**Student:** 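Below is one structure. I have some questions about it.
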Amino acid sequence: MSTEPGRRKLKRHHHTVPRLLLRRFADGKRIMRVPLGGGEPKAIGVSDATVRSHFYSMQDATGRRDDAIENLLADLEDQAARVITRIITEHAWPLSPDDRAVLGEWVAAQTARIPAARQANNEIADQLLKIEIAAGGKPEVRRRLEAKGEGPVSDEEVDAAWAELTDFSSYYVELPVNDHLLSMGEAMAIAYRWIMARSWQLCRFERRTLLLSDHPVTLLRDETGPAWSGVGLANAAAIMVPIDRRAAIIMTAPGDRDGMFPASTKVAKELNYRFAWNSRSELFHHPDDDPVAGIKLPPVRSREAEFSQTAERFLMPEGPSEAFKSIPTDWPPSNATAPPLGPDSTR
């Protein structure tokens with residue numbers, strides 16, 4: 001909280017699922033929370049759902065936070081709320097180009113602002129640093145220790161650091177929050193292009209209702225693709241986003257005009273199943289609805305990235321051979337800054 005005269009109070013509690021979306025599944029102030037991995041469903045206040053402290057706060061070198069990112073997301077949410085209201089209450093569909101652009105940017109934000117994106121980036125950074133340490137061996141540890149300090153280090157110091165750093169399960173690397181927030185903006189720009197290129201189909205229900213995932217944008221895998229390939233915005237068969245307890249937008253392949261997707265009980269069940277299985281730790285629905293009925297809920301998802309090799313696989317205490325080091329490469333650039341060693345880079 002700021003104590004400077006004239007400075008606005010810093011926002012601390014940030015919703016990782018937009019409040020406008022939570023309200024669309026609430027009875028006014030309450031929404032039903034369904035935890036994964038056991039636990040009883042419970043009605044909670046919208047203001048308490050998907051809240052994390054300072055999740056979108058930038059931080060300067062002194063530790064001072066600001067609301068720039070949170071305010072930008074809030075402005076975008078206000079614009080999207082007006083578009084969604086027109087869709088639901090005024091039956092505005094297809095959207096005008098301006099409204100489509102606003103909603104496209106808002107959907108793109110939902111793909112980048114989610115905790116899963118931040119966790120995946122951390123897991124990748126953690127894996128890459130540990131592989132770099134393992135493959136570089138003690139010579140690389142010595143180089144980093146000397147770069148961090150003011151002079152040569154002893155063999156004993158190198159051995160001790162090597163033993164600590166190769167105990168890979170004892171620490172976990174996290175990127176600075178500012179890095180995540182900057183990459184979030186870049187990811188939003190890329191996602192926006194893929195989203196806007198697709199055909200948008202609105203699916204509205206009269207009697208059936210939908211649930212809301214804690215990660216609202218769900219991708220449908222293209223089953224005609226190779227089994228080993230992942231699924232992303234570029235190659236997904238469809239991108240599905242609930243915008244109300246009785247409406248969802250299904251973004252299909254580019255080329256077709258925006259239109260209406262036929263709604264049915266079967267479609268509602270399919271959407272709810274896929275929304276549920278896209279959740280990481282919890283899902284939500286209107287207190288008067290029961291869209292979870294008949295769905296076997298997934299376990300809590302604790303990991304986002306999968307790796308075919310562990311860092312232990314690359315352990316080379318004496319470092320790479322001279323033949324290996326002579327292989328030409330343009331990456332990483334010669335002026336790249338290596339991650340630091342020590343507690344500053346771990347938690």
Side-chain angles (χ1 to χ4, degrees), residues 16-18 20-21 55-56 58 68-84 86-87 92-125 175 178-203 213-226 228-243 247-261 271 274-275 278 304-305 331:
T16 58
V17 174
L20 85 86
L21 200 50
F55 196 70
Y56 304 112
M58 295 288 284
I69 302 299
E70 174 68 6
N71 289 337
L72 287 172
L73 292 172
D75 290 343
L76 177 58
E77 185 172 337
D78 288 342
Q79 296 177 57
R82 290 190 286 271
V83 175
I84 293 174
R86 284 195 285 272
I87 295 172
W93 194 267
L95 296 173
S96 68
D98 287 346
D99 283 352
R100 195 179 192 274
V102 167
L103 203 58
E105 188 175 358
W106 178 77
V107 173
Q110 309 323 306
T111 70
R113 66 181 289 178
I114 52 176
R118 185 172 297 190
Q119 182 177 338
N121 287 340
N122 279 334
E123 289 174 5
I124 292 169
L175 294 170
N178 286 7
D179 287 8
H180 286 297
L181 294 175
L182 292 172
S183 66
M184 185 178 79
E186 297 169 357
M188 281 178 59
I190 296 171
Y192 177 78
R193 293 196 294 270
W194 288 113
I195 287 166
M196 293 299 289
R198 287 177 174 262
S199 168
W200 294 15
Q201 307 297 314
L202 177 66
C203 189
S213 167
D214 58 4
H215 287 62
V217 179
T218 298
L219 305 181
L220 178 65
R221 175 184 290 276
D222 182 357
E223 298 300 337
T224 65
W228 50 263
S229 67
V231 58
L233 293 170
N235 67 348
I239 303 170
M240 301 170 288
V241 191
I243 60 170
I249 295 175
I250 302 173
M251 301 174 179
T252 55
D256 295 332
R257 293 182 178 180
D258 293 355
M260 299 297 297
F261 194 94
L271 286 173
R274 294 191 179 278
F275 292 157
N278 195 52
E304 291 296 329
W331 187 91

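This structure is a prediction, so every number in the text was calculated from the model and none was measured.
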**Student:** Could you give the distance from CE (Met251) to CG (Leu219), rounded to the nearest 0.5 Å?
**Tutor:**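 Answer for the CE-CG pair, Met251 versus Leu219, is 11.0 Å.
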
**Student:** Could you list the residues that satisfy side-chain hydrogen bond (donor to acceptor under 3.5 Å, both in side chains) with Thr111, not counting sequence neighbours?
**Tutor:**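 Testing Thr111 for side-chain hydrogen bond (donor to acceptor under 3.5 Å, both in side chains), a comparison that skips the adjacent residues, returns none.
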
**Student:** Do the numbers put Arg113 on top of the ring of Phe55, so that NZ or CZ is under 6.0 Å from the six-membered ring centre and no more than 45° off the axis?
**Tutor:**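 Because its charged atom misses either the 6.0 Å distance or the 45° angle limit, Arg113 does not stack over Phe55.
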
**Student:** Examine distances only and state if a side-chain atom of Asn235 and a backbone atom of Gly232 form a donor-acceptor pair shorter than 3.5 Å.
**Tutor:**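 Indeed, once roles are kept as given, a pair shorter than 3.5 Å links the two residues.
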
**Student:** Are side-chain heavy atoms of Ile243 and Leu202 found at a separation under 4.5 Å?
**Tutor:**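 With C-beta onward as the side chain, the pair touches.
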
**Student:** Do Pro94 and Trp200 make a side-chain contact, defined as non-hydrogen atoms from C-beta onward lying under 4.5 Å apart?
**Tutor:**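 No; the side chains remain at least 4.5 Å from each other.
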
**Student:** Regarding Thr224 and Asp222, is there a side-chain donor-to-acceptor distance under 3.5 Å anywhere?
**Tutor:**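 Yes - a donor-acceptor pair under 3.5 Å links their side chains.
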
**Student:** Residues two or more places apart in sequence or in another chain: which of them pass side-chain hydrogen bond (donor to acceptor under 3.5 Å, both in side chains) with Arg100?
**Tutor:**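 Partners of Arg100 under the side-chain hydrogen bond (donor to acceptor under 3.5 Å, both in side chains) test: Asp258.
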
**Student:** So, does His215 use its side chain to make a donor-acceptor pair with the main chain of Ala116 at under 3.5 Å?
**Tutor:**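 Checking the backbone N and O of Ala116 against the side chain of His215, a donor-acceptor pair under 3.5 Å is found.
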
**Student:** Check the pair Trp93 / Asp99 against side chain to side chain contact (heavy atoms under 4.5 Å, CB included), numbers first and verdict last.
**Tutor:** CA-CA 10 Å; Trp93 194 267; Asp99 283 352; over 6 Å; no

**Student:** Before you tell me yes or no, could you show the steps for Gln79 and Leu103 under side chain to side chain contact (heavy atoms under 4.5 Å, CB included), namely the whole-Å CA-CA distance, both residues' side-chain angles and the distance that decides it to 0.1 Å?
**Tutor:** CA-CA 8 Å; Gln79 296 177 57; Leu103 203 58; over 6 Å; no

**Student:** Please round to the nearest 0.5 Å and tell me the distance separating atom SG of Cys203 and atom CD1 of Ile249.
**Tutor:**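 Rounded to the nearest 0.5 Å, the SG-CD1 separation comes to 11.0 Å.
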
**Student:** Under 3.5 Å, side-chain donor or acceptor atoms of residues 187-196 against the rest of the protein: list the pairs with distances, not counting sequence neighbours.
**Tutor:**
none

**Student:** If we only count heavy atoms from C-beta on, is the Val241 to Thr218 side-chain gap below 4.5 Å?
**Tutor:**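 Val241 vs Thr218: side chains apart.
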
**Student:** Could you please spell out the steps behind the side chain to side chain contact (heavy atoms under 4.5 Å, CB included) verdict for Ile239 and Thr252?
**Tutor:** CA-CA 7 Å; Ile239 303 170; Thr252 55; over 6 Å; no

**Student:** Looking at side-chain heavy atoms only, is the closest gap between Ile69 and Met58 below 4.5 Å?
**Tutor:**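 Yes, at least one pair of side-chain atoms sits under 4.5 Å.
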
**Student:** Kindly indicate whether the side chain of Asn278, heavy atoms from C-beta on, has any atom under 4.5 Å from the side chain of Asp214.
**Tutor:**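 Side chain of Asn278 against side chain of Asp214, heavy atoms only: no contact under 4.5 Å found.
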
**Student:** What pairs with Ser199 under side-chain hydrogen bond (donor to acceptor under 3.5 Å, both in side chains), at least two apart in sequence or on another chain?
**Tutor:**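 Listed in chain order: Gln201.
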
**Student:** Do Val83 and Arg86 come within less than 4.5 Å of each other through their side chains, counting heavy atoms only?
**Tutor:**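 Yes, at least one pair of side-chain atoms sits under 4.5 Å.
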
**Student:** Which heavy atom in Ser213 sits nearest to a heavy atom in Val17, and how many Å separate them?
**Tutor:**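 For Ser213 and Val17, the tightest heavy-atom pair comes out as O-CG2, 4.1 Å.
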
**Student:** Under 4.5 Å between any side-chain heavy atoms of Leu20 and Ile84, yes or no?
**Tutor:**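 They are in contact (side-chain heavy atoms under 4.5 Å apart), so the answer is yes.
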
**Student:** List the atom of Ala197, the atom of Pro254, and the distance in Å for their closest heavy-atom pair.
**Tutor:**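 Shortest heavy-atom separation between Ala197 and Pro254 comes out as O-CB, 3.1 Å.
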
**Student:** Going by the rule ring pair (Phe, Tyr, Trp, His ring centres under 6.0 Å), which residues pair with Tyr56 if we only count those two or more places apart in sequence or in a different chain?
**Tutor:**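 If we apply the ring pair (Phe, Tyr, Trp, His ring centres under 6.0 Å) test to Tyr56, skipping adjacent residues, the hits are His14.
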
**Student:** Grab the two heavy atoms, one from Ala305 and one from Glu123, that are nearest each other, plus how far apart they are.
**Tutor:**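 Closest approach of Ala305 to Glu123: N-OE1, 2.7 Å.
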
**Student:** Could you tell me whether the side chain of Val217 reaches within less than 4.5 Å of the side chain of Val107, counting heavy atoms only?
**Tutor:**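 Yes, close enough: below the 4.5 Å cut-off.
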
**Student:** For the CD atom of Gln119 and the CD atom of Glu304, what is their distance to the nearest 0.5 Å?
**Tutor:**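 Going from CD on Gln119 over to CD on Glu304, the span is 5.0 Å.
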
**Student:** Minimum heavy-atom separation for Leu73 to Met184, with atom names?
**Tutor:**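 Scanning both residues completely, I find the closest heavy atoms to be CD1-CE, 4.4 Å.
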
**Student:** Just to verify, what does Thr16 make a side-chain hydrogen bond (donor to acceptor under 3.5 Å, both in side chains) with, not counting sequence neighbours?
**Tutor:**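 Partners of Thr16 under the side-chain hydrogen bond (donor to acceptor under 3.5 Å, both in side chains) test: none.
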
**Student:** Heavy atoms only: give me the nearest Leu233-Arg198 pair and the separation to one decimal.
**Tutor:**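 Reported closest heavy-atom pair: O-NH2, 3.0 Å.
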
**Student:** Looking only at heavy atoms, what is the nearest atom pair of Ile87 and Ala92, with distance?
**Tutor:**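 In terms of heavy atoms, the two residues are closest at CG1-O, 3.6 Å.
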
**Student:** Out of curiosity, Leu220 CG to Arg274 CZ, how far, rounded to the nearest 0.5 Å?
**Tutor:**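 Leu220 CG to Arg274 CZ: 4.5 Å, rounded to 0.5 Å.
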
